[in-house]
A.B. asks: 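I have a structure I would like to understand better, so I am pasting it below and will then ask my questions one at a time.
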Amino acid sequence: MVLEKTENIKISALGGVGELGKNMYVVEINENIYVLDAGSKFPGGEMLGIDTVIPDITYLVENQQNVKGIFVTHGHEEQIGAIPFILQKLDVPVYGTELTLALIKEKLKEYGIKKYEALHPITSSTVLSFEGVDISFFRTQHSIQDSVGICLQTNQGAIVYTGDFKFDQNSVSIQSADIGKMAAVGEQGVLCLLSDSTNADKPGYTVSEAVIGQNITDAFYKSKGRIIVAAYSSNLHRIQQIIHAAYQHGRNLIVMEKSMLKIIDIAAKLGHLQLPEDLIVPVQKLKDLPEHETVILTTGHHGEPILGLTRMAKQSHKFIQIKQDDTVLLAATPVAGHETTFSKTIDVIFRLGASVVFAQRKVQASGHGSQEELKFMINLTKPKYVMPVNGEYRKQKAYAKLAGQLGISEDHICLLEKGERVEFKDARMYPSGSIQAGNTLIDGLGVGDIGNIVLRDRRLLSQDGILTVVVTINKRQKTVVAGPEIISRGFVYVRESEKLLEEATKIVQQILEKCMEDKVIEWSSLKLKMRESLNQFLYEKTRRKPMILPIIMEI
């Protein structure tokens, strides 16, 4: 078809730049908005109690009449994790491949959202036509099947979003990449390439899945006892290799988490996993199985790989405790912010006498291309402008250096910040202001109700604890009926700090007596005086700043 004139093209990122995960990119063509991926990310160590983090979608909500759809590259949390929360606020179609939509549907079920009619299947051959743009797709190689890149064809040239990708020429276990289609798009003219930059600082090529598969098989062959494997629940290539090795060595497979078991079941039904009949047995039968015939597959919360293994190492798991003669395969790399837990878990496992296989190039390979693969993508698509995405800022900088080596001038390399927007007119790029962007924190059933103030309070509680002051006052007679009683949690050990708490109680009593004499019965004023006096006293005595919570009851 003949494309309409597209005078205004704008690109911005609501997530996925300056960070790992939470991928969400907004392409505006004339008046229409196209959203590329809608992911979440694991909370950092400073986000106490937070389950997951998704992008701030205020801009999309404010312009929802222009949003034509969400186009998803594959089924990892970093690409689909925000969709259940977005569909609660926006009625927009979601386009993805068969496996990707099946995983999204499972997430919608998990949150009780029944907007299944919003899910629209596509294949690498699909072409979707909108006003002024055709959207097509091409197969990519990643650590999960059914992954695609996205091409938005405009009359200024194509906007190509690679999604997560690598080029693995030695493995037959993963789908082939549409190299011919990528090259054809490049020949037609690519205006801007939004490229995966996760491994832009790693030279050479990412290790092949064929090498990893052989190393896993070798580890199985050498093991004489139980084999325990920690992996990402959505890394279907790794799971397939574990399934193959277990079957090949006559071992039963026990999948510990229901979330991982559900993903395996979905992928097997869709033909993306080859699962021999009766290979998986229930965990309840573990005690009846010979140890040399057992493989245990575990993951963690939201697919984070180490939590289940950590419990096994600490002997606090309901079913399994790691012991001598076990072989532990860490078929995953630590999530950002959880490296310390990862390292300590490995140390504990070694102390227990188990064998540990964890070096990345032994039983784990990245799903992202290294420098030579990123260069290959640039050479295939021949973009006028490049925009490194899906990476921390240092990865984006490394990609920019890489692009410069291939002859792309510095002013044609765009390092976007979250919320920053660029505009293309007559195939030239210009700054175009910014849109609202940031983090929306998910805590239990709460979406966005936890902000910086609550996180600050949680940090204070975790650092210096809380001191609660309880007093009962007769407001009419202006007398203290009961208290003050001081309760400490996480601040000091009460039995060893009786004198300190007695002095603190006297300070509160003096404040109360003074206020009663002066007829001051304004609760906010009374609470403020308690906080200020106790804060100063306790800091002088302990150099700590507990949260002080006065509770005044009246009769």
Side-chain angles (χ1 to χ4, degrees), residues 12-27 33-64 67 69-96 100-101 103-113 115 118-119 161 163-164 198 232-234 259 300-304 335-338 389-392 416-420 435-452 454-455 458:
S12 52
L14 293 179
V17 292
E19 62 187 352
L20 289 175
K22 199 162 67 81
N23 294 287
M24 183 181 252
Y25 311 100
V26 176
V27 179
I33 296 175
Y34 306 90
V35 181
L36 310 180
D37 281 337
S40 60
K41 73 173 183 177
F42 294 106
E46 77 284 358
M47 296 181 181
L48 302 172
I50 300 302
D51 295 325
T52 190
V53 184
I54 66 172
D56 182 343
I57 61 166
T58 301
Y59 182 75
L60 300 181
V61 173
E62 291 174 349
N63 297 276
Q64 58 183 302
V67 179
I70 300 171
F71 304 84
V72 186
T73 57
H74 62 277
H76 280 161
E77 289 285 331
E78 293 90 337
Q79 278 67 34
I80 68 172
I83 290 177
F85 308 102
I86 293 173
L87 290 185
Q88 292 181 54
K89 293 188 175 183
L90 296 176
D91 289 318
V92 296
V94 177
Y95 299 90
T100 301
L101 292 188
L103 295 174
I104 292 173
K105 187 174 182 179
E106 195 60 35
K107 290 191 70 65
L108 295 181
K109 287 180 182 178
E110 181 184 339
Y111 289 98
I113 301 166
K115 291 188 174 182
L119 307 182
Y161 171 46
D164 298 350
T198 304
Y232 291 104
S233 61
S234 57
S259 59
H301 184 57
H302 289 297
E304 186 276 326
V335 174
H338 295 260
V389 295
N390 191 16
E392 297 155 307
L416 273 185
E417 299 281 1
K418 283 191 290 291
E420 187 179 0
I435 61 175
Q436 182 170 330
N439 292 332
T440 297
L441 308 182
I442 310 298
D443 185 3
L445 296 177
V447 179
D449 58 338
I450 303 296
N452 290 330
V454 175
L455 286 179
R458 289 183 179 183

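When a residue number appears, it is its place in the shown sequence, counting from 1. Just so it is clear, the model here is predicted, and its values are computed rather than measured.
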A.B. asks: Is there a side-chain contact between V27 and L36, using heavy atoms and a 4.5 Å cut-off?
C.D. replies: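 Yes. Closest side-chain heavy atoms under 4.5 Å.
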A.B. asks: Could you tell me whether the side chain of L60 reaches within less than 4.5 Å of the side chain of L14, counting heavy atoms only?
C.D. replies: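 Answer yes - side chains close enough.
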A.B. asks: Can L119 and L108 be said to form a side-chain contact (heavy atoms from CB on, under 4.5 Å), step by step?
C.D. replies: CA-CA 11 Å; L119 307 182; L108 295 181; 4.3 Å; yes
A.B. asks: Do you know which two heavy atoms are closest between A82 and G39, and how far apart they sit?
C.D. replies: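 Minimum heavy-atom separation between A82 and G39: CB-O, 3.5 Å.
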A.B. asks: Do the side chains of Q79 and D164 get nearer than 4.5 Å, heavy atoms only?
C.D. replies: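 Counting from C-beta outward, D164 and Q79 do come under 4.5 Å.
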A.B. asks: Parallel, tilted or perpendicular: which fits the ring planes of F71 and Y95, with parallel below 30° and perpendicular above 60°?
C.D. replies: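 Parallel, since the angle between the ring planes stays under 30°.
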A.B. asks: What I'd like to find out is whether the side chain of L20 reaches to under 4.5 Å of the side chain of E392, using heavy atoms alone.
C.D. replies: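 Yes; the side chains approach each other to less than 4.5 Å.
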A.B. asks: K107 side chain to I83 main-chain N or O, any donor-acceptor pair under 3.5 Å?
C.D. replies: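 Flag not set: sc K107 to bb I83 has no pair under 3.5 Å.
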A.B. asks: Quick one, I86 and V35 - any side-chain contact, counting heavy atoms below 4.5 Å?
C.D. replies: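 No - every pair of side-chain heavy atoms lies 4.5 Å or more apart.
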A.B. asks: Flag the pair I57 / M24 as yes when at least one side-chain heavy-atom distance between them is below 4.5 Å, and no otherwise.
C.D. replies: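 The answer is yes, as the side chains (C-beta and beyond) meet within the 4.5 Å cut-off.
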A.B. asks: May I ask you to test the Q64-K89 pair for a side-chain heavy-atom distance under 4.5 Å?
C.D. replies: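 No, every pair of side-chain atoms sits at 4.5 Å or beyond.
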A.B. asks: Hey, could you give me each pair passing salt bridge (Lys or Arg N to Asp or Glu O under 4.0 Å) that has a residue in residues 16-25? Not counting sequence neighbours.
C.D. replies: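 For residues 16-25: E19-K22, E19-K41, E19-K418.
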A.B. asks: Which is it for N23 and V389 under the side-chain contact (heavy atoms from CB on, under 4.5 Å) test, yes or no, and what are the steps along the way?
C.D. replies: CA-CA 8 Å; N23 294 287; V389 295; 5.6 Å; no
A.B. asks: Report yes if some heavy atom in the side chain of D37 is under 4.5 Å from a heavy atom in the side chain of N390; otherwise report no.
C.D. replies: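 No, every pair of side-chain atoms sits at 4.5 Å or beyond.
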A.B. asks: Check ring-ring contact (aromatic ring centres under 6.0 Å, His included) between Y25 and all other residues, then give those that pass, not counting sequence neighbours.
C.D. replies: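 Testing Y25 for ring-ring contact (aromatic ring centres under 6.0 Å, His included), a comparison that skips the adjacent residues, returns Y161.
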A.B. asks: Please name all residues satisfying salt bridge (Lys or Arg N to Asp or Glu O under 4.0 Å) with K109, sequence neighbours left out, ordered by chain then number.
C.D. replies: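 K109: no salt bridge (Lys or Arg N to Asp or Glu O under 4.0 Å) contacts found.
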A.B. asks: Looking at I104, I54, I113, which hits side-chain contact (heavy atoms from CB on, under 4.5 Å) with P84?
C.D. replies: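 Going through the options one by one, the only one that passes is I113.
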